[in-house]
*Asks:* 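Please find one structure pasted underneath; my questions will follow.
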Amino acid sequence: MTRTVITGITGRMGSTLVRLAKAASDLPVVGATVRPGSPLSGQDAGLVARLGTPLDVLAQDDLGRALDGAKADVVVDFTGPEATLQHARICAERGVALVVGTTGFTPEGRAQLEAHAKRIPIVAAPNMSVGVNLVIRMAAELARVLGPSFDVEVLEAHHRMKKDAPSGTALKLAEVLMEALGRTKDDLTFAREGQTGARPPGEIGVQALRGGDVVGEHTVYFFGEGERIELTHRATNRDQFAQGALRAARWVAGRAPGLYDMADVLGLQGKT
Ligand SMILES: NC(=O)C1=CN([C@@H]2O[C@H](COP(=O)(O)OP(=O)(O)OC[C@H]3O[C@@H](n4cnc5c(N)ncnc54)[C@H](OP(=O)(O)O)[C@@H]3O)[C@@H](O)[C@H]2O)C=CC1
Ligand SMILES: O=C(O)C1=N[C@H](C(=O)O)C[C@H](O)C1
């Protein structure tokens with residue numbers, strides 16, 4: 001049994017996590033949170049998460065209160081960068097493992113997460129879908145084998161409510177492509193407009209589309225002479241992100257402190 005606390009349960013991911021944890025026999029939901037000051041604090045978490053049935057756990061507007069007496073093994077957090085860093089501090093103070101799906105951290109925020117991971121085990125990944133994590137590895141392998149003669153572009157599309165751009169997944173793809181091709185952050189191009197001139201050979205383009213209810217789509221293009229490879233992942237609902245996060249929750253509880261990612265959870269060995 002992995003006693004689980006879920007934060008931000010009114011959210012798209014938070015409510016999905018509550019539904020799928022409830023359906024799992026080994027992940028009792030022992031706590032849940034909503035944003036500070038929310039009028040939903042004190043109401044049954046199952047109803048707050050729109051399950052239609054009670055969970056017999058009250059939503060709290062403070063993670064510390066949700067953890068009091070809960071004997072939690074792990075907190076699963078998909079909120080926003082600021083809230084996640086507060087939650088990571090609380091978990092570190094109380095010795096509770098953490099799974100972070102939130103994206104959009106600044107470099108300073110990421111450094112704070114790394115500091116907390118010296119005290120507790122944290123799995124943090126911009127995309128918890130097993131399929132996407134395989135696509136990330138395949139992209140790196142394609143880049144290594146195809147080499148510098150192919151022009152590489154990353155394109156992502158998400159729903160109109162998404163707050164950060166490019167997506168965390170697109171940035172992760174750019175990072176592994178950079179490593180595979182021996183490029184640096186200076187080679188990344190996030191927008192093109194006007195008299196840009198010919199495409200510099202080492203460039204990696206990263207572009208974001210926003211609209212409607214798109215759950216999440218990522219394509220890596222390898223443009224060559226006379227041929228083109230397109231590696232695409234399309235999410236059509238959020239369940240696979242949540243299932244990946246719950247798999248990470250089972251895996252991380254009881255681990256040694258450290259910052260882990262989904263490749264660790266999935267046992268994907270070696271370089272990306
Ligand atoms: N790693 C992955 O696989 C995935 C990552 N994500 C990432 O997860 C994050 C959340 O996405 P999504 O669910 O779509 O966003 P939502 O906006 O739907 O959900 C965020 C939730 O967090 C709540 N919240 C904000 N601050 C706090 C706080 N201090 N305490 C408790 N709850 C709080 C919000 O409350 P309120 O509604 O009151 O504002 C909201 O319910 C994003 O960063 C997104 O990029 C998303 C999908 C997959
Ligand atoms: O905000 C989202 O919705 C998603 N965010 C993640 C990201 O930024 O990569 C993952 C997924 O594509 C959905």
Side-chain angles (χ1 to χ4, degrees), residues 5-20 31-41 43 45 48-50 59-67 75-91 98-106 109 113 122-133 135-136 154-175 206 208-219 232-249 261-262 265-266:
V5 170
I6 299 171
T7 57
I9 62 166
T10 56
R12 282 174 286 271
M13 282 304 299
S15 57
T16 307
L17 285 158
V18 172
R19 173 170 55 81
L20 294 178
T33 76
V34 288
R35 80 159 50 245
S38 167
L40 297 169
S41 185
Q43 297 191 24
V48 173
R50 303 178 296 279
Q60 304 289 347
D61 69 353
D62 175 79
L63 178 59
R65 247 195 320 280
L67 287 170
V75 170
V76 181
D77 186 291
F78 286 66
T79 54
E82 204 182 316
T84 297
L85 291 173
Q86 284 167 12
H87 294 156
R89 178 181 51 73
I90 293 168
C91 287
L98 177 63
V99 173
V100 174
T102 303
T103 57
F105 292 102
T106 59
L113 208 55
I122 300 178
V123 175
N127 201 309
M128 303 262 173
S129 139
V130 175
V132 161
N133 283 279
V135 164
I136 289 169
V154 179
L155 178 66
E156 58 100 332
H158 283 85
H159 53 96
R160 63 165 71 95
M161 302 307 289
K162 184 162 175 61
K163 291 183 178 146
D164 53 318
S167 69
T169 310
L171 292 172
K172 176 73 182 175
L173 282 162
E175 184 188 310
V206 184
L209 307 180
R210 291 290 174 270
D213 61 356
V214 179
V215 174
E217 302 189 1
H218 294 89
T219 297
T232 296
H233 181 275
R234 289 196 180 92
T236 51
N237 65 44
R238 291 181 173 81
D239 285 18
Q240 26 72 39
F241 303 136
Q243 292 292 15
L246 296 178
R247 185 163 168 176
D261 67 16
M262 279 307 279
V265 175
L266 301 175

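Only a predicted model underlies this, so the values are computations on that prediction, with no experimental measurement involved. Ligands are counted one by one from 1 in listed order, and the atoms in each one are counted from 1 as well.
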*Asks:* Quiz question: by atom type and distance under 3.5 Å, do the side chains of T33 and T7 form a donor-acceptor pair?
*Replies:* no
*Asks:* May I ask you to list the atoms of ligand 2 that are less than 4.0 angstrom from any heavy atom of T103?
*Replies:* 7 (C), 8 (O)
*Asks:* Just which atoms of ligand 2 are under 4.0 Å from any heavy atom in N127?
*Replies:* 10 (C), 11 (C), 12 (O)
*Asks:* Would you mind running through ligand 2 and noting each atom that sits below 4.0 Å from a heavy atom of T169?
*Replies:* 7 (C), 9 (O), 10 (C)
*Asks:* One residue to check: R12. Relative to ligand 2, which of side chain, backbone, both or neither has a non-hydrogen atom less than 4.0 Å away?
*Replies:* neither
*Asks:* Taking only non-hydrogen atoms of V132, do any sit less than 4.0 angstrom from ligand 2?
*Replies:* no
*Asks:* I need the N237 CG to R12 CZ distance, nearest 0.5 Å.
*Replies:* 14.0 Å
*Asks:* Quick check: do F241 and T16 have side-chain heavy atoms less than 4.5 Å from each other?
*Replies:* no
*Asks:* Is the backbone N or O of A125 less than 3.5 Å from a side-chain atom of D261, with the two atoms forming a donor-acceptor pair by type?
*Replies:* no
*Asks:* Which distance, rounded to the nearest 0.5 Å, do you find between the CG of L246 and the CG of L20?
*Replies:* 6.5 Å
*Asks:* Mark yes or no for whether T102, through its side chain, and P81, through its backbone, hold a donor-acceptor pair below 3.5 Å.
*Replies:* no
*Asks:* How many angstroms lie between CD in Q86 and CZ in R89, if you round to the nearest 0.5 Å?
*Replies:* 6.5 Å
*Asks:* Can a donor-acceptor pair be found between the side chains of H218 and S167 at a distance below 3.5 Å?
*Replies:* yes
*Asks:* Roughly how far, to the nearest 0.5 Å, is the CG atom of D77 from the CE atom of M13?
*Replies:* 11.0 Å
*Asks:* Answer yes or no: is there a donor N or O on one side and an acceptor on the other, between the side chain of R50 and the main chain of T10, under 3.5 Å?
*Replies:* yes
*Asks:* Give the atoms of ligand 2, by number and element, whose distance to some non-hydrogen atom of H218 is under 4.0 Å.
*Replies:* 12 (O)
*Asks:* Backbone or side chain, does any N or O of K162 fall under 3.5 Å from an N or O of ligand 2?
*Replies:* yes
*Asks:* Rounded to the nearest 0.5 Å, how far apart are CG of N127 and OG1 of T103?
*Replies:* 9.5 Å
*Asks:* At a 4.0 Å cut-off, with the gap strictly under it, does some heavy atom of M13 reach an atom of ligand 2?
*Replies:* no
*Asks:* Name the residues with a heavy atom less than 4.0 Å from ligand 1?
*Replies:* G8, T10, G11, R12, M13, T33, V34, R35, P36, F78, T79, A83, H87, G101, T102, T103, A125, P126, N127, M128, K162, D164, F241
*Asks:* Tell me, which protein residue and heavy-atom name are nearest atom 3 (O) of ligand 2, and how many Å apart are they?
*Replies:* H159 NE2, 2.9 Å
*Asks:* Would you compute the distance between atom CD of E156 and atom CG of L171 and round it to the nearest 0.5 angstrom?
*Replies:* 8.5 Å
*Asks:* Just to be sure I'm reading this right: ignoring hydrogens, which of G168, P126, S167 gets closest to atom 6 (C) of ligand 2? Compare them by their nearest heavy atoms.
*Replies:* P126
*Asks:* Considering the heavy atoms of V215, write down every atom of ligand 2 situated less than 4.0 Å from one of them.
*Replies:* 3 (O), 13 (C)
*Asks:* Considering non-hydrogen atoms of the protein only, which is the closest contact for atom 12 (O) of ligand 2, and what is the distance?
*Replies:* H158 NE2, 2.6 Å
